[in-house]
Participant: 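Attaching a single structure in structure tokens format; questions to follow.
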Amino acid sequence: MNINFKLIGTFLSVAQNESFRKAAEETNRSLPAVSMQVKQLEEQLGVALFQRTTRKVTLTQEGEQLLISARKALAELEVGLSHIQHAADVQQGHLSFACVPTIASTRLPAILTAFAKKYPGISVHVRELANQDLLEAVRRREVDFAIGPVPEKKGELEFAPIFVDDYCAMLPRGYQDNGRASISLRELSKLPLLKLSSSTAFRDHVDNALKANGLSHESNYEFMQVTTLVAMAEAGLGIALLPRVALPRRTPLKVVRIIGPALSRTIAIVTIRGHSLSPAAARLVEMCNQLIAPE
């Protein structure tokens, strides 16, 4: 049954005021217009909704049933609209996003702390994922957005760059660096290197750069966690390779840029092309753009 909801609104006004005249004043309509709309509703339903006398307007049994149902429906609608308004005002709700571990462990703590202070009613679920899994989570819409490096093939995903992250080598104390600020990829290929796991985009980028420059290197050690990699380098096991954003704030290791060629990655906000973020997710993305870049 296709009922015009304007007719329901007029019915509610008449029922609550127990008067066609007061309903007309309340809805800013003429008395004949109000009477006609109630009549149309009664014809569509096939029942009388009001008992009319010269002195009083009362609901029929069917009218009482409709009033109860209409009030329940309006209450549900008001609750739904309230939730939408709170979401629009970022007062309550939840969001989920994915982030590569090198960013999550170094930049997210300050960002999420600031977000929680500003929007305490929003719950946040963070998934730390290697880059390929991160991109897949966005494609499957398992998360609102992601923070990770821009791949060579973008597909249906959209990448909004935040900052460029240089690749660095962390030299142990025994290495004679002679005050240098950089080291060539060729020189690195001849040294004992400590790398992140082959499941990371960073590792793939380094290995591909070596191959593209006609260089090869067999790494005896690879690690899943940045903290483990750095600890091994500090113990003298080899030279650690890391993106700058993942470098520890305090370390006895000498940090130098990788050059010849210079290596870097672009960190971006990853979304489905054409997909609109929720108000809460959009606010968090704004905060990421302001705070996530290395100092």
Side-chain angles (χ1 to χ4, degrees), residues 98-107 128-137 146-155 157 159 161-248 251-268 270 294:
C99 186
V100 289
T102 50
I103 300 294
S105 62
T106 57
R107 308 309 299 170
E128 287 189 73
L129 299 173
N131 197 52
Q132 199 58 43
D133 293 333
L134 175 145
L135 298 179
E136 195 60 30
I147 304 171
V150 179
E152 293 183 5
K153 296 181 180 180
K154 299 180 180 180
L157 300 180
F159 297 82
I162 305 175
F163 71 96
V164 175
D165 191 15
D166 293 331
Y167 291 179
C168 300
M170 304 181 73
L171 310 179
R173 289 177 178 177
Y175 186 82
Q176 299 299 317
D177 62 273
N178 298 320
R180 66 166 65 191
S182 60
I183 188 171
S184 70
L185 194 62
R186 181 172 296 278
E187 186 174 356
L188 281 174
S189 68
K190 300 175 183 178
L191 299 173
L193 300 182
L194 309 179
K195 300 179 183 179
L196 288 175
S197 167
S198 56
S199 65
T200 63
F202 171 78
R203 169 65 179 274
D204 285 343
H205 197 181
V206 171
D207 288 348
N208 290 339
L210 287 166
K211 185 177 180 180
N213 286 272
L215 305 173
S216 61
H217 182 271
E218 292 295 330
S219 179
N220 292 329
Y221 300 96
E222 65 175 47
F223 304 94
M224 289 294 298
Q225 303 297 327
V226 169
T227 52
T228 306
L229 183 76
V230 172
M232 295 299 174
E234 290 178 348
L237 188 62
I239 295 175
L241 303 183
L242 282 175
R244 182 171 293 278
V245 75
L247 298 177
T251 178
L253 302 173
K254 174 66 178 291
V255 177
V256 296
R257 290 183 63 235
I258 300 174
I259 61 171
L263 298 181
S264 65
R265 61 180 183 173
T266 299
I267 299 298
V270 189

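Basis for what follows: all heavy atoms, side chains included, without hydrogens, waters or symmetry-related copies. Remember, predicted model here, so these are calculated numbers, not experimental data. The first residue of the sequence shown is numbered 1, and numbering continues consecutively from there.
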Participant: In Å and rounded to the nearest 0.5 Å, what is the CG to CD distance from L157 to E136?
Facilitator: 9.0 Å
Participant: With Q225, which residues qualify under side chain to side chain donor-acceptor pair (under 3.5 Å), at least two apart?
Facilitator: none
Participant: Rounded at 0.5 Å granularity, tell me how far CD1 in I103 sits from CD1 in I267.
Facilitator: 4.5 Å
Participant: Taking the side chain as every heavy atom from C-beta outward, state whether P261 and L263 have any atom pair closer than 4.5 Å.
Facilitator: yes
Participant: Look up atom CG in L135 and atom CZ in F159, then write down how far apart they are to the nearest 0.5 Å.
Facilitator: 5.0 Å
Participant: What pair of heavy atoms forms the shortest contact from V150 to A268, and how long is it?
Facilitator: CG2-CB, 3.7 Å
Participant: Do L210 and S216 come close enough that some side-chain heavy atom pair is under 4.5 Å?
Facilitator: no
Participant: Kindly compute the distance separating CG (L171) from CG (L253), expressed to the nearest 0.5 Å.
Facilitator: 8.0 Å
Participant: Please tell me if the side chains of K254 and I183 come closer than 4.5 Å, counting only heavy atoms from C-beta onward.
Facilitator: no
Participant: Please examine the side chains of C99 and R107, heavy atoms only from C-beta on, and report whether any two atoms are closer than 4.5 Å.
Facilitator: no
Participant: Checking side chain to side chain contact (heavy atoms under 4.5 Å, CB included) for the pair R186/N213: CA distance, chi angles, key distance, verdict?
Facilitator: CA-CA 8 Å; R186 181 172 296 278; N213 286 272; 5.7 Å; no
Participant: Does the N131 side chain pair with the main chain of A201, one donor and one acceptor, at a distance under 3.5 Å?
Facilitator: no
Participant: Salt bridge (Lys or Arg N to Asp or Glu O under 4.0 Å): which pairs involve residues 188-210, sequence neighbours left out?
Facilitator: K195-D207, R203-D207, R203-E222
Participant: Let me see the working for V245 and F163 under side chain to side chain contact (heavy atoms under 4.5 Å, CB included), right down to the final yes or no.
Facilitator: CA-CA 10 Å; V245 75; F163 71 96; 4.2 Å; yes
Participant: Enumerate the residue pairs fulfilling ring-ring contact (aromatic ring centres under 6.0 Å, His included) with a member in residues 206-226, sequence neighbours excluded, ordered by first and then second residue.
Facilitator: none
Participant: Can you name the closest pair of heavy atoms from V226 and A246 and give their distance?
Facilitator: CG1-O, 3.7 Å
Participant: In terms of heavy-atom contacts, does CD of Q132 have more than 12 from other residues, nucleotides or ligands at under 6.0 Å?
Facilitator: no
Participant: Using every non-hydrogen atom in the two residues, find where T266 and P161 come nearest and quote the distance to one decimal.
Facilitator: CG2-CB, 3.8 Å
Participant: From I147 CD1 over to L129 CG, what is the distance, rounded to the nearest 0.5 angstrom?
Facilitator: 12.0 Å
Participant: State, yes or no, whether a side-chain contact exists between R257 and R244 at a heavy-atom distance under 4.5 Å.
Facilitator: yes
Participant: Can you tell me how far apart OG (S182) and CD1 (I258) are? Round to the nearest 0.5 Å.
Facilitator: 10.5 Å
Participant: To check you understand the geometry: which heavy-atom pair defines the closest contact between P248 and M170, and what is its length?
Facilitator: CD-CE, 3.7 Å
Participant: Pick out which of L241, L242, V206, I259 makes a side chain to side chain contact (heavy atoms under 4.5 Å, CB included) with Y167.
Facilitator: V206
Participant: Do you know the tightest heavy-atom contact between V100 and P149?
Facilitator: CG1-CD, 3.7 Å
Participant: Please find the pair of heavy atoms, one from P243 and one from T102, that lie closest to each other, and give the distance.
Facilitator: CG-CG2, 4.3 Å
Participant: Is the side chain of S197 donor-acceptor paired with the backbone N or O of T200 at a distance under 3.5 Å, no angle test?
Facilitator: no
